[in-house]
Every structure is written in C-alpha cells, then in structure tokens.
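Encoded as structure tokens, the structure appears first; notes follow it.
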Amino acid sequence: MNKKQKNNLIRILVAAAMLVALHFADFSRPVMLLLYVIPYLIVGYDILKKAGKGIVNRQPLDENLLMAVATIGAIVLATYKTGDFTEAVAVMLFYQIGELFQSYAVGRSRRNIGELMDIRPDYANIEEDGEIIQVDPDDVEVGTMILVQPGEKIPIDGIVVSGTASLDTSALTGESIPRSVHEGDEVISGCINTNGVLRIETTHEFDESTASKILDMVENASSRKSRSENFISRFARVYTPIVVISAVALALIPPLISVAALHVAPNWGVWIYRALTFLVISCPCALVISIPLSFFAGIGGSSREGILIKGSNYLEALSKVKTVVMDKTGTLTKGVFQVTGIYPAKAAGFTEDELLHLAAHAERHSSHPIAQAVRDAFGKENDGCEVEDVEEIAGHGIRAGIDGRTVCVGNAKMVRLAGVDMPDTSKETETDGTVIHITVDGVYAGCIVISDVIKETAAEAISRMRAAGVTRQVMLTGDSKAAAESVGSRLGIKEIYSELLPGDKVAKVEELLEADPENGKTKKSYLAFVGDGINDAPVLSRADIGIAMGALGSDAAIEAADVVLMDDDPIKISKAIRISRKCMRIVRENIWFAIGIKVLCLVLCAAGLVGMWAAIFADVGVMVIAVLNAIRTLFVKKL
C-alpha cells in the first residue's frame, strides 16, 4: 500500500469512527449538521474538488459530480426535512472505500507487471585502463566490450567473448530454469547473471536492445484500446447525460403531475430524495473501472508467463482465433540442423563412428549449416587426422584426402561424379531430413541424415490448440514437400503447404482469410500466423493476429507481430488464446452484471421501493465485486 492509499485509509477510518460516535449524539439539528459536515469533508473533500474542476473544465458529467450532487442533496434534505445526516456521510464513506479497493487492485496489477518487467538496467560496466567504470547504457555504442558480473543484469544485447555463466531469464520468458551461456553465445538484455563473469561485445544500441523493446511494448499496451473498452467510453459519454436528465425528470415531473392532475400538494422531498438516490445508483464506476482493469490484468498475467501482448485490442482479437497458421522452421522445429541418422553401407565395412569421422573432416572448412551439424555431431576434429587437397564442387559436395584416402561427401550427383554406382537408400533414409552420401576410394561407404529437429513440445502444442477451440491448423514452409509432410504427419497437422517463398506465404494467408466463411465483415473468427524469421514479417502483418517467436526470432518479426512468445515454446500459443478467452469472459460477466444490477436498482428506486442504502450497494458494492472479478485475469498459471 503506497502513501496515498495509506492516507485515504486513515481518512476513512477517522470518518467512520466519527460517524459511529455521532450516531449516539443528541444535539439540535443545526449542531448535528455542523458535526456531520466534519466527517463528510474529511472523507469527501477530494471528490468535491474533482467535481468542481470538472465544472470549470466543462467536463462535469462524471461520477464525481454525481456523488457530490447526491450527497450534498441528501444533507440539504436532512437539514430541512428528515434530520438524518447519516446517509449522506455513509454514501461518501462507502464510495471512498470502493475507490481505495479499486486503487489497491490496480496497484497490485501494476506491481505484478513492474516486478516482471524489472529488466531495465541502471548501468553498463566497461573497462578503461584496467579499471571498471559504470556508464549509462544509452552511451554504449555497438561493438563495445562490456563486463557483466554475478548478480548484474545484462544491459545490452551482445555476444559472449569470454566467460561462462548461468542466466536467470524468468523476467523475459516466464521460465525458472537458468540458461547456460559460453563463449560465442548470443545473450539478450534483461537477463540476470547468476554466476561467473562475462565479457560481452554489444551488437545493438540500448534503445534497440531486447529489454528496451519489451518495456516499450508493455508501456504502450494500454494505448491500444479494445472494442469493449471503446464501447464503455462511448457508453459513459451517452449514459451519464441520460441519467442526469432522468434524475431531474424524476424530481420534477411526478410532483407537477400531482398538482396538475390530482390537485394535491406536491411532496417535493420524497421525489428529490428518489432523484438523488437515482443519481448515486447510476454511477458507471463498475464498468469504467473494471473493464480496463480486466484487460490490464490480462496483459500482466500473460506477460508473467512470457507472452507479451501489445495491446488490449490484440488480446480481444486473440480470443476469436479459430485458425492458426504456422511456419515450420523455428516455430514447430528448432531451426538448428542435427545428425539424426548414420547408415554405413554393409558391404564397405565402416562403422557409424568411422563414417561420421570421415564426413566431419571432409567438411572441416565448410561454413554450410549442414557441415556445421556434422562437425558438431563428431566433436573431435583435433584428433591428429591429416586432411589435404580439399576441393568443394559446387552443387555436388566436397572431395578431400583424409589419411591418404580419397573421400567424397555430398549428394547423389557427387556419388556419380566419384564414379560410384548409387545404391538404393530409400528404406534407410525415410526421413524429413537432408541426406549426404560418403564414398571412400571409389567405394560407397554409407550416408548420414541431417534434420531440423522437431521441438519437444510441438505435438502437445497442436493438441492443446485443438482443445482450446482452434478448429483449423495449417503449416507453411519453404522446405520440400517430403520434409513438410513428414513433420506434419508426426505432429498431426493435415493442412500443409510446402516449397513456398515469402511472397507465396502472404498469398496463401490471404487465400485462407478469404476462404474462411466465418471471417467476413463481422469477423466472427480470426486467423493467427505464427513465425520467427525475417521473411515471416510480411505474413505476420497480413494476418489478423501475428504471433512471433521472440527469444530467437528476428527483430523484424517481433516488430511486425501483435503477440510475442519470449521462450519460443509453441505450447504458449494455446495458452495465449486461453488467457484472452478468460479475459473476455470476465469482461462480459462484468458488463452484464453491472448493467443488470444498475437497471434493476434504478427501476426500484424510481418506484420508491429502495433507498440510499441500496444505492450504495448498486454503486460501491457492484464496483467492488466487478473489480474482484477483473483481478481473476491475473491468475493464468494453470491455463
């Protein structure tokens, strides 16, 4: 609880104690008026001040003016008619209790996001003349060597030049498992170095670093209003004048009718009291406060889980997603090539280790990702093996002399170029990967399969999407048809489009949007595209909702996306949809509950069946219940 909230609590407690004490006092009406005005001003002076400012600024029709008019009117009625000043003070007191509760709830939501997003570094360490100097991260240029010690945040994105450490990435990804980094690894700002000393060469300026982009996303999220929030704003602008006019009519028309039609003396006190009660009931606080709070809490809860949603409009749209289109590489697969199979030819007599050994040494100087995957799988290049006469043949592969033997590594064309008959390897290599063949001294030695490995959670992610109500799942890829269908069949995706260029992906998404019968002008359902690469940016922008894999994704993809998954886990796709649907369910509950209770109480008030205490419940009670309900959107851990 902050200082302002503590001061408001003290005011409420003092006013409540005075109200209880005055209940047992017995003085003349003028004295009682003066005594009751004291707790009224203690608890309500700020409301009166805001109402006065609204009148001066020509924006008077808000809840502050309604409360001021209703309570001052109740005091006037008590002075000249009823003698009961309790209601006026009690209405203001309970209203302030509701405001305090709402302030605390919003503060809690902000603290949750603030704690989560406490990733902005205060300084960066650089070395000058053997001394460590702390500088403002904004002053650090690209290519600068910075030092990150245990317990410090990584201030700027970069590459580890020396050192090993474990990084706490929970503020970025929502995951509690530390990430180990070594020399040559890329690191992003906002992570906390838990042990070890890292020397990092910066690759971005501070304003372009991951931490700055994330903070900007969260800080600007509130500016992107949902349709529900815009509806409430429009509703309040129309609703408030209507209820003020209705209250004036309730105070004037029935007494005038009684004089004109019934020829009886008008009971002005009764109808003015009902009109004042009508004003208190009509305050739209529950809607004005709880709806934005629901979205704010939903964005905060999702951020805590490593899902950054750039605005409440995207959160609302995400709840309507029925079609999810996914890029394959980097989204459903790891985007990193690995050796997934080694098949020595039986007639040649080589073992798997020998075959991998020959291939790794032949590929020693190649920068191709497949060559890197072979070398990573072998891992023992410095074994004293003599490699000479290395020749790379474009479109075929590599020929090299290894320990006096001629080794050819490449595709089927390379095998034929080596003068070797290509055997049938279809049974051994039924896979979604790339096959490289090896020949040794004119003899076919075997083949190695290199694959882009499917993410461990990909199959479960597809299953959870279906359980979350996603009726259509589509995979797009630039890979071959065989590779795409292999991945799709293993994940249970039936709709697959392969061998697509970036422009083809955009065209395919547009085709899917037009083909969806529910995706018309009324937008009953939405299409989401999930991707991670720079070539996915146009598709992310074209889809109704663009979801980017943020941890490894390109800057362009993250900028173009509406939702960013910070840990690259596809299982978070369904979680984001579930969070959005929970949020929208709570928003609808609050809208119907608040409007329903208020309409009921307004009718009963106009009929004289309820008084000021019912008004307090219809205003403050409904607001407290709606805020409590809105806070539920923060709790998304088990979704």
Side-chain angles (χ1 to χ4, degrees), residues 19 36 40 44 47-48 51 60-99 232 235-259 261-262 264-290 590-627:
L19 192 63
Y36 270 100
Y40 175 79
I47 301 298
L48 300 177
L61 298 178
D62 60 9
E63 66 270 17
N64 296 303
L65 181 65
L66 297 183
M67 290 302 304
V69 170
T71 53
I72 292 173
I75 290 174
V76 172
L77 282 177
T79 302
Y80 293 101
K81 190 172 181 68
T82 65
D84 184 6
F85 298 95
T86 305
E87 282 187 344
V89 182
V91 167
M92 190 65 80
L93 180 66
F94 282 105
Y95 179 78
Q96 288 286 33
I97 291 173
E99 287 288 296
I232 294 303
F235 174 81
R237 285 198 296 268
V238 175
Y239 170 81
T240 304
I242 289 176
V243 296
V244 170
I245 293 171
S246 299
V248 172
L250 186 63
L252 298 178
I253 294 176
L256 294 176
I257 289 177
S258 66
V259 173
L262 303 176
V264 297
N267 194 340
W268 292 104
V270 170
W271 291 105
I272 291 175
Y273 179 80
R274 289 186 188 179
L276 294 172
T277 305
F278 190 93
L279 284 177
V280 175
I281 293 172
S282 67
C283 284
C285 305
L287 290 175
V288 173
I289 291 171
S290 69
N590 281 345
I591 289 174
W592 288 110
F593 172 72
I595 292 178
I597 294 295
K598 283 192 179 292
V599 169
L600 176 63
C601 289
L602 287 172
V603 172
L604 294 176
C605 169
L609 299 177
V610 298
M612 194 65 77
W613 293 105
I616 293 172
F617 169 75
D619 179 38
V620 179
V622 169
M623 179 178 70
V624 169
I625 293 172
V627 167

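Position 1 is the first residue of the sequence, and the numbers go up from there.
Considering only residues two or more places apart in sequence or on other chains, Phe593 meets the ring-ring contact (aromatic ring centres under 6.0 Å, His included) condition with none of them. Judged as a side chain to side chain contact (heavy atoms under 4.5 Å, CB included), and not counting sequence neighbours, the contacts of Leu604 are Leu600, Leu609, Val610. Under the rule for a side chain to side chain contact (heavy atoms under 4.5 Å, CB included), the partners of Cys601 that lie at least two apart in sequence or sit in another chain are Ile281, Ile597, Ala618.
For the atom pair CG of Leu252 and CH2 of Trp268, the computed distance is 5.5 Å after rounding to the nearest 0.5 Å.
Residues Thr86 and Tyr36 are in side-chain contact: their nearest non-hydrogen atoms beyond the backbone lie under 4.5 Å apart.
Closest approach of Ala626 and Asn590 over heavy atoms only: O-ND2, 3.2 Å. Nearest heavy atom pair, residue Cys605 against residue Arg274, reads SG-O, 3.2 Å. Contact record, Val622 with Ala594: CG1-CA, 3.8 Å, taken as the closest heavy-atom pair. In this structure, Ala247 and Ala275 approach most closely via the heavy-atom pair O-CB, 3.2 Å.
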Practice problem: Any chance you could lay out the side chain to side chain contact (heavy atoms under 4.5 Å, CB included) test for Leu48 and Tyr40, step after step, and finish with the verdict? | Solution: CA-CA 10 Å; Leu48 300 177; Tyr40 175 79; 3.6 Å; yes
